[in-house]
Amino acid sequence: MDTFAEPYTRAGDDISLDAVRDHVRALEARHKANGVQLSGRIIHVCHYLPVTCTITSAAARDGVLSPPPTPPRVLTDVPPSPSEELPPLALPTQPERWKLAPRYGHSAMTSGIRSLSVTHEQIILGWTGDILSPAAPPDGNSSPDGDVNPSTGERVPSVRDRVPSSRISQEDKDALDDELAHYIGLEQETGKPISYLPLWMEDNVAHGHYDGYCKQTLWPLFHYLLWQDVATEHASADANYEYYEQANQAFATRLASVLKPGDLVWVHDYHLLLVPRMLRNAMHSGAVSGVGGENGGDVIIGLFVHTPFPSSEVFRCLPRRKEILDGMLGANLICFQTYSYTRHFTSTCVRVCGYETTSKGATAASASASRSASVVPRSTTATGIEFTRSGKSKKGGAGVEKYVGIDVQGHVAAVTHCPVGVDAERVARDTLRAGVQPKLEALRALYADKKIIVGRDKLDVVKGVLQKLRAFEKLLHDYPEWQRKVVLIQVCPVIWSNTQISMNDKHWLQVTSPALTDSPKLERQVSELVAHINGEYGSLDFIPVHHYHQTLRKDEFYALLSAADLGVITPLRDGMNTTSMEFVIAQERTKRSPLVLSEFMGISQHMADALQVNPWDLGDVAAAMNRGLVMSEEEKASRHAALHSVVTTHTSHTWAAVLAKMLLSQINGQNTARQTPYIPRDSLKELYDNAGKRLFLFDYDGTLTPIVKMPSMALPSPDALTALAKLTSDPNNIVYIVSGRDQAFLEEHLGHLPRLGMSAEHGGFIRSPDSAVWMNFTASLDMSWMEEVAEIFRYYTERTTGSHIEMKKSSITWHYRSTDPEWGQFQCRQCQDLLENNVVPKRPIEVLVGKKNLEVRPIAVNKGEIVKRILYQNPGVEFIFCAGDDKTDEDMFRALLLFPPSSTGKATMEPPLSVMLVDNTKEHSDVELAVSPEAVFTTAVGQSSKRTLASWHVTTPEEVVEHMLYLVGEVPKGEEVKGYL
């Protein structure tokens with residue numbers, strides 16, 4: 001069962017950075033030795049470039065044309081002075097168009113990305129951000145106290161300093177490309193180059209995407225806030241989605257233009273959740289040169305979500321929930337900060353979209369993916385998650401990493417977690433800056449006889465500043481011995497880059513405002529509470545709470561962390577929080593003070609030796625504060641040593657290296673099987689027309705009709721009936737429906753087509769064309785096992801609300817499509833385990849896991865045997881088309897693997913078991929088949945990345961019908977349905 005206490009990191013991830021990098025190099029060497037194409041590049045797709053771009057071109061900055069320069073005088077017009085020589089004429093120099101500077105924020109992600117330059121060439125693709133004009137010095141109308149970069153002291157440009165993208169000429173854009181080509185970021189490690197690729201977007205799209213959908217819909221939702229709680233009364237959860245979609249498409253298109261076969265792609269964070277699916281669409285449509293298709297190289301796509309991911313009950317409130325989830329599931333690997341976020345995501349995919357989960361293995365040795373039908377493993381949890389990591393095998397091969405896989409019509413996305421850290425070496429260096437020690441001594445002198453509690457949080461409702469202040473008040477109330485002996489220094493940095501965008505006649509207007517949840521109301525509440533505490537417990541010579549709503553310089557910040565006797569970081573919901581890690585590093589040289597952390601932070605599992613609290617329980621937080629203040633020096637040292645080891649081991653550099661390792665491990669795994677090409681319509685038509693005799697084999701559910709919640713509602717469409725009628729009316733065509741349905745259903749809905757052959761119950765019964773007699777292949781088999789299996793199915797039906805049993809003449813099926821998705825899947829696996837361990841060893845039966853069902857049938861009966869029988873009895877066919885969508889149809893595809901690779905000769909066929917079972921009175925001989933290899937079209941319905949034995953694919957049942965109508969010269973009459981990929 002799911003323990004709900006999965007460790008934050010996994011065995012094998014806590015080794016040194018050098019060891020991880022060595023593993024990455026070894027993986028790449030193995031892949032190349034196995035013929036896998038690798039480009040040696042990692043492309044990071046981020047919302048912003050880690051660079052701010054300031055344009056110095058006057059025309060773009062001012063919006064008006066600059067006057068032409070005064071032409072130089074013509075020297076012949078003025079005679080030279082006999083007494084002096086003219087100086088040489090100075091030609092005007094070309095002015096610099098752009099000024100580039102580091103963009104502050106997301107330092108952990110940026111540091112991790114730059115560290116990968118040791119092993120890989122990299123490209124960082126991102127939006128340029130708002131283009132800035134040169135910032136003038138503060139004047140009487142500006143705010144020199146606030147608009148200051150915390151590290152450099154430079155003024156931060158305000159809204160009025162920003163240049164609309166429409167004013168940026170193509171010449172200026174090209175100049176920025178050139179500037180970025182030679183830009184070297186701060187603290188970039190020596191190694192392979194990092195290229196910066198700018199993305200240009202119109203202002204209304206860029207800000208509708210970020211300030212609109214991202215900040216007003218997704219960010220609150222991912223932090224367990226519904227939009228009506230943080231926005232206006234007229235807020236819509238669907239507002240600005242069009243801009244989100246347009247921006248993601250712009251990223252995908254720009255990314256597709258630079259892709260090469262063998263690239264590794266990492267898409268970062270919630271701003272770009274649609275990009276993986278959009279990029280995969282482009283790959284499969286042939287829009288990316290040399291990528292995708294049967295002969296093209298592959299590109300491995302990873303998605304890392306830096307924010308929390310909410311439970312399914314919260315996420316399902318999102319109107320565009322399916323679009324967002326499907327966009328994410330276009331990736332090969334989806335990674336979150338913690339195990340709990342992966343569990344939430346998996347549960348959401350199962351509950352909201354109805355997708356199935358399966359445990360996937362990724363082998364470091366790069367073993368080739370099996371092409372056989374997959375079987376759901378039994379050793380999985382209630383949510384289908386199996387996180388095990390085995391070591392080296394006895395033969396010396398690399399171990400196998402297990403991931404949960406989400407199956408979306410055959411494309412399987414692996415899901416896992418990997419924690420982000422800080423750049424511990426950089427933070428340690430920053431604590432040694434020359435300006436830190438004087439400020440540290442000043443703080444110690446100022447609070448010489450006081451204990452210092454420190455907190456730094458954005459002024460945001462999810463950061464829990466109000467709750468922290470109330471808990472501090474309770475500390476002073478419940479533990480009066482701390483009155484006048486402890487101070488709380490709470491810093492709330494000012495976020496100057498946040499803007500609010502309002503719509504007016506379809507034009508976007510930018511106005512200065514707080515962030516979405518950094519509201520004046522919250523600031524007022526905090527100020528009032530601070531005043532209340534200071535009034536209640538302070539005096540003229542003592543203030544217990546010092547609240548600073550301002551940005552501190554680095555020297556001040558690290559001095560404050562170093563001086564603290566207790567760190568308190570208690571957000572109501574947070575992913576990664578760098579302040580807690582910086583606190584631990586800063587304390588290494590001073591007091592080694594303890595840390596109070598919220599249990600609702602993503603890193604709380606990572607930092608188990610901190611004092612973890614429920615921030616809503618004020619008494620619990622106050623008690624933890626008291627415990628931290630009175631903690632013995634021995635316990636402080638012990639806890640600090642453990643925290644410091646974690647923070648300095650799981651750094652941003654190891655995070656990035658582990659991401660690269662995990663993405664490489666997906667290559668040639670089960671979820672990156674060979675891309676099955678789309679069926680070639682023209683070749684299909686040509687070979688159909690040239691063939692004298694033709695054979696068509698169709699599955700029913702999921703092939704001719706879509707999968708529906710109630711099996712009885714899966715009725716053939718008018719187009720499907722037209723296609724079958726036209727095909728069967730041609731005497732040169734032999735057409736069979738090979739289905740798991742029973743005889744009665746097939747006769748009810750398709751029995752009016754006399755020349756249509758039918759096979760029911762996965763090959764248990766067959767009715768030839770122009771015949772009304774069903775042949776039973778199970779008549780000579782022992783079927784006494786059915787009652788034993790039915791008893792087991794009844795047991796699980798009683799305990800699984802919504803499930804039911806379907807009794808057939810040759811098989812028995814347990815359906816759980818209408819049950820709770822996770823409970824139904826868990827019960828299915830428990831039932832499968834019981835059957836395979838207690839019944840299958842004693843009986844000639846096999847257990848099949850289908851789409852929301854579990855079926856038991858005789859070993860000798862399957863669709864493959866029926867296909868062999870039909871082909872054996874019709875060896876003269878010159879064209880074969882076979883279509884199916886699920887695991888049982890893989891038996892048909894396997895039966896039609898008639899030719900060895902690169903074969904051009906004829907194939908012979910032995911008498912199949914299905915022939916000898918029915919007629920064993922005469923001797924049967926081998927037959928020679930007339931069909932050629934290129935005329936066999938085995939076609940899987942689903943994604944091109946679906947693991948299948950089929951040679952071709954279509955994406956939906958509607959496309960199967962459309963192709964059949966095309967062969968007979970008809971066009972679909974129903975509404976066109978687009979494929980999934």
Side-chain angles (χ1 to χ4, degrees), residues 322 325-326 329 349-358 373-374 376 384 405-413 697-721 723-724 737-742 745-746 748-750 760-762 802-806 808 811 813-822 824-825 828 848-855 863 882-893 939-948 950 953-964 974-981:
K322 191 173 189 303
L325 290 174
D326 286 342
L329 290 168
C349 291
V350 171
R351 291 182 173 278
V352 174
C353 296
Y355 298 142
E356 294 187 347
T357 62
T358 180
S374 61
V376 177
I406 309 295
D407 190 336
V408 185
Q409 294 189 350
H411 168 74
V412 180
L697 303 161
F698 299 103
D699 175 41
Y700 183 77
D701 291 286
T703 302
L704 292 179
T705 63
I707 298 292
V708 294
K709 197 171 187 68
M710 293 298 296
S712 60
M713 301 301 294
L715 306 180
S717 67
D719 283 340
L721 293 175
L724 292 174
I737 302 295
V738 185
S739 173
R741 295 281 188 165
D742 60 22
F745 181 92
L746 295 178
E748 178 183 356
H749 297 290
L750 301 173
E761 300 189 20
H762 296 298
S803 64
H804 68 277
I805 302 172
E806 182 184 7
K808 303 174 185 177
S811 64
T813 306
W814 183 68
H815 295 272
Y816 62 93
R817 184 171 297 276
S818 299
T819 68
D820 177 272
E822 290 180 288
Q825 189 174 44
C828 172
L848 295 172
V849 180
K851 294 181 177 178
K852 303 292 184 180
N853 65 68
L854 192 65
E855 181 172 3
K863 291 183 178 182
C882 177
D885 72 303
D886 66 11
K887 300 178 182 68
T888 62
D889 300 314
E890 295 297 317
D891 292 330
M892 292 197 294
F893 302 149
T939 307
V941 181
Q943 312 278 10
S944 63
S945 56
K946 182 177 185 177
R947 296 181 63 241
T948 178
H953 96 281
V954 295
T955 53
T956 64
E958 289 79 9
E959 291 176 26
V960 176
V961 175
E962 180 186 341
H963 279 76
M964 296 306 101
E975 182 180 353
E976 181 181 359
V977 179
K978 299 295 183 183
Y980 213 72
L981 273 183

Are the side chain of [X] and the backbone of [Y] linked by a donor-acceptor contact shorter than 3.5 Å?
X    : Y    : result
E761 : K808 : no
E959 : T955 : yes
T819 : P821 : no

Hey, are the side chains of [X] and [Y] touching, using non-hydrogen atoms and a 4.5 Å cut-off?
X    : Y    : answer
V352 : L325 : yes
V738 : D699 : no
P957 : T705 : no
E356 : V350 : no
T939 : T703 : no
L704 : L724 : yes
L854 : T813 : no
E855 : W814 : no

So which heavy atom on [X] is nearest to which on [Y], and how close?
X    : Y    : value
V849 : K887 : O-CD, 3.4 Å
K852 : Y355 : NZ-O, 4.4 Å
V941 : T956 : CG1-C, 3.7 Å
A883 : M892 : O-CE, 3.9 Å
A950 : A940 : CB-N, 3.6 Å
S818 : G802 : CB-O, 3.6 Å

inquiry  = Within the 3.5 Å criterion, strictly below it, is a donor on T888 or D886 matched to an acceptor on the partner's side chain?
reply    = yes
ask   = Under the ring-ring contact (aromatic ring centres under 6.0 Å, His included) test, which residues partner Y700, sequence neighbours left out?
value = F745
inquiry  = List the residues meeting side-chain hydrogen bond (donor to acceptor under 3.5 Å, both in side chains) with E806, not counting sequence neighbours, and say none if there are none.
reply    = H815
note = By side-chain hydrogen bond (donor to acceptor under 3.5 Å, both in side chains), D742 pairs with (sequence neighbours left out) none
query = Can H411 and I406 be said to form a side chain to side chain contact (heavy atoms under 4.5 Å, CB included), step by step?
reply = CA-CA 8 Å; H411 168 74; I406 309 295; over 6 Å; no
ask   = Given C349 and L329, is the side chain to side chain contact (heavy atoms under 4.5 Å, CB included) satisfied, shown in steps?
value = CA-CA 9 Å; C349 291; L329 290 168; 4.0 Å; yes
task = Apply the test side chain to side chain contact (heavy atoms under 4.5 Å, CB included) to residues H953 and T948: give CA-CA distance (whole Å), side-chain angles for both, the deciding distance (0.1 Å), then the verdict.
result = CA-CA 9 Å; H953 96 281; T948 178; over 6 Å; no
Got a second to check how far [X]'s [atom1] is from [Y]'s [atom2], nearest 0.5 Å?
X    : Y    : atom1 : atom2 : value
N853 : R817 : CG    : CZ    : 7.5 Å
S811 : L848 : OG    : CG    : 9.0 Å
D885 : E890 : CG    : CD    : 10.0 Å
L750 : L715 : CG    : CG    : 10.0 Å
S739 : H762 : OG    : NE2   : 7.0 Å

